[in-house]
Amino acid sequence: MRGWLKATIGLVVLSGLLVGADRIAVGVAEDEAADQLVKNGRMSQRPDVTIEGFPFLTQVVSKKLDDVRISSDGLTVQNNGQQVALHSFKAKLSGVEVSDSLNSATVDSGAGSGVISYQDLAQLLPPASQLMGGPLPVGGNARLSLSYGGPGKVKASLGPVSVGEATVHNTGNTITVDGLKLSSLAEMVAGLGNRKIEPAAFTLDSMPAGLQLAAKDGVAPLPEGLQLSFEGKGVKLLG
């Protein structure tokens with residue numbers, strides 16, 4: 001009886017040690033992965049990395065991590081050098097094949113999301129004078145102000161004058177805002193008679209974790225800003 005009890009206690013202690021070692025190893029790997037993401041230029045700021053699944057050490061032996069989560073609230077995306085903040089970024093990466101030293105990693109599939117504020121979105125668009133084909137009474141460098149306009153739409157205004165609603169959609173990493181039309185009242189108040197508002201487009205050329213905008217519904221207006229949805233297959237995450 002005493003031998004059985006000693007063996008049981010020994011197994012419990014050994015299991016605890018193994019679990020502890022596994023958790024220490026996964027913590028070290030998460031920190032190293034976060035550093036490598038910045039070093040390899042896949043993230044503009046060190047993210048939080050969580051490697052799901054237990055035990056971790058068996059995944060290391062197979063050199064394939066089933067589920068890796070990345071999050072950050074301080075990233076940026078850019079268009080021709082113009083950087084804006086990407087808030088609340090979260091991504092799930094599935095089937096991450098890694099090297100022994102974590103210097104290289106390839107992702108079978110990944111999906112994520114983040115939000116650009118409407119104020120920052122407006123900064124990515126050309127000045128209103130370019131969109132309307134000439135100088136404006138409110139000033140040559142004036143930009144449209146944007147806000148949530150309901151499902152699939154954003155509201156636009158030029159100073160205090162509303163210039164209607166627009167739709168937002170993407171083709172690849174290019175985001176287009178179009179459909180704006182001046183009301184008769186706006187034309188009269190702002191002195192913008194016979195002005196047509198051209199569609200405005202910009203291309204994001206710096207994306208987090210090597211992902212791209214989703215081919216379908218890659219952008220969606222929300223009350224807090226424009227949500228970007230990301231996806232990717234066979235993504236080279238590191239190296």
Side-chain angles (χ1 to χ4, degrees), residues 11 14-79 81 83-116 170-175 203-220 226-239:
L11 287 173
L14 180 59
S15 297
L17 291 174
L18 291 174
V19 170
D22 190 87
R23 295 300 88 191
I24 291 173
V26 74
V28 171
E30 289 169 346
D31 287 342
E32 179 64 19
D35 291 338
Q36 289 291 339
L37 283 168
V38 177
K39 182 179 179 181
N40 283 260
R42 298 299 190 273
M43 306 285 281
S44 60
Q45 177 175 295
R46 192 178 190 275
D48 292 324
V49 177
T50 302
I51 300 174
E52 302 287 352
F54 178 84
F56 166 69
L57 292 175
T58 59
Q59 297 183 67
V60 172
V61 172
S62 68
K63 297 183 181 179
K64 192 161 188 176
L65 308 179
D66 299 326
D67 185 350
V68 177
R69 309 294 176 97
I70 300 175
S71 63
S72 178
D73 201 37
L75 299 179
T76 59
V77 292
Q78 66 180 18
N79 168 50
Q83 292 187 344
V84 296
L86 179 67
H87 303 283
S88 305
F89 174 76
K90 294 181 180 180
K92 177 182 178 181
L93 309 177
S94 301
V96 183
E97 295 187 24
V98 298
S99 66
D100 292 332
S101 58
L102 284 180
N103 288 326
S104 65
T106 302
V107 180
D108 286 347
S109 64
S113 64
V115 175
I116 298 177
N170 72 291
T171 302
N173 290 339
T174 298
I175 299 172
T203 300
L204 297 177
D205 50 25
S206 176
M207 307 294 270
L211 300 173
Q212 306 295 320
L213 285 181
K216 183 178 180 181
D217 299 327
V219 293
L226 184 69
Q227 177 177 272
L228 308 184
S229 296
F230 303 97
E231 64 182 8
K233 291 186 181 296
V235 175
K236 190 172 184 180
L237 184 63
L238 299 177

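The shown structure was predicted, so the numbers you read here are calculated from the model rather than taken from an experiment.
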Tell me, do Val68 and Val49 make a side-chain contact under 4.5 Å, heavy atoms counted? yes
Can you give me the closest heavy-atom contact between Gly110 and Leu93, atom names plus distance? CA-CD2, 4.0 Å
Say you draw a straight line from CD of Gln78 to CG of Leu86; how long is it, rounded to the nearest 0.5 Å? 12.5 Å
Short side-chain to backbone donor-acceptor contact, Asp73 and Ser88, under 3.5 Å: yes
Report yes if the side chains of Thr50 and Asp48 come closer than 4.5 Å at any heavy-atom pair, otherwise no. no
Could you measure the distance from the NE2 atom of His87 to the OG atom of Ser113? Nearest 0.5 Å is fine. 13.5 Å
Note: Met43 and Pro47 closest approach over all heavy atoms is CE-CB, 3.6 Å
What heavy-atom pair brings Leu211 and Ala91 nearest, and what distance separates the two atoms? CD1-CB, 4.2 Å
Check whether Glu52 reaches the backbone of Arg69 with its side chain - one donor and one acceptor, N or O, closer than 3.5 Å. no
Whether Asn170 side chain and Ala214 backbone form a donor-acceptor pair below 3.5 Å: yes
Which value, rounded to the nearest 0.5 Å, describes the distance between Ile116 atom CD1 and Gln227 atom CD? 11.0 Å
Using the test side-chain contact (heavy atoms from CB on, under 4.5 Å), find all partners of Asp66 that sit at least two apart in sequence or belong to another chain. Gln59
Residues forming a side-chain contact (heavy atoms from CB on, under 4.5 Å) with Lys39, sequence neighbours excluded: Gln36
Roughly how far, to the nearest 0.5 Å, is the CG atom of Leu237 from the OG1 atom of Thr106? 8.0 Å
Gap between atom CD of Gln45 and atom CG of Leu37 - 0.5 Å precision: 12.5 Å
With sequence neighbours excluded, residues passing salt bridge (charged side-chain N to carboxylate O under 4.0 Å, His left out) with Arg46: Asp31, Asp35
So, for Val107 and Ser94, which heavy atoms are closest and what is the spacing to 0.1 Å? CG1-O, 3.7 Å
Report the distance from atom CG of Leu213 to atom CG of Leu228, rounding to the nearest 0.5 Å. 5.5 Å
At their closest point, which heavy atom of Pro208 faces which heavy atom of Phe89, and how far apart are they? CG-CE1, 3.4 Å
When every non-hydrogen atom of Ser109 is compared with those of Lys233, the smallest separation belongs to CB-NZ, 4.1 Å
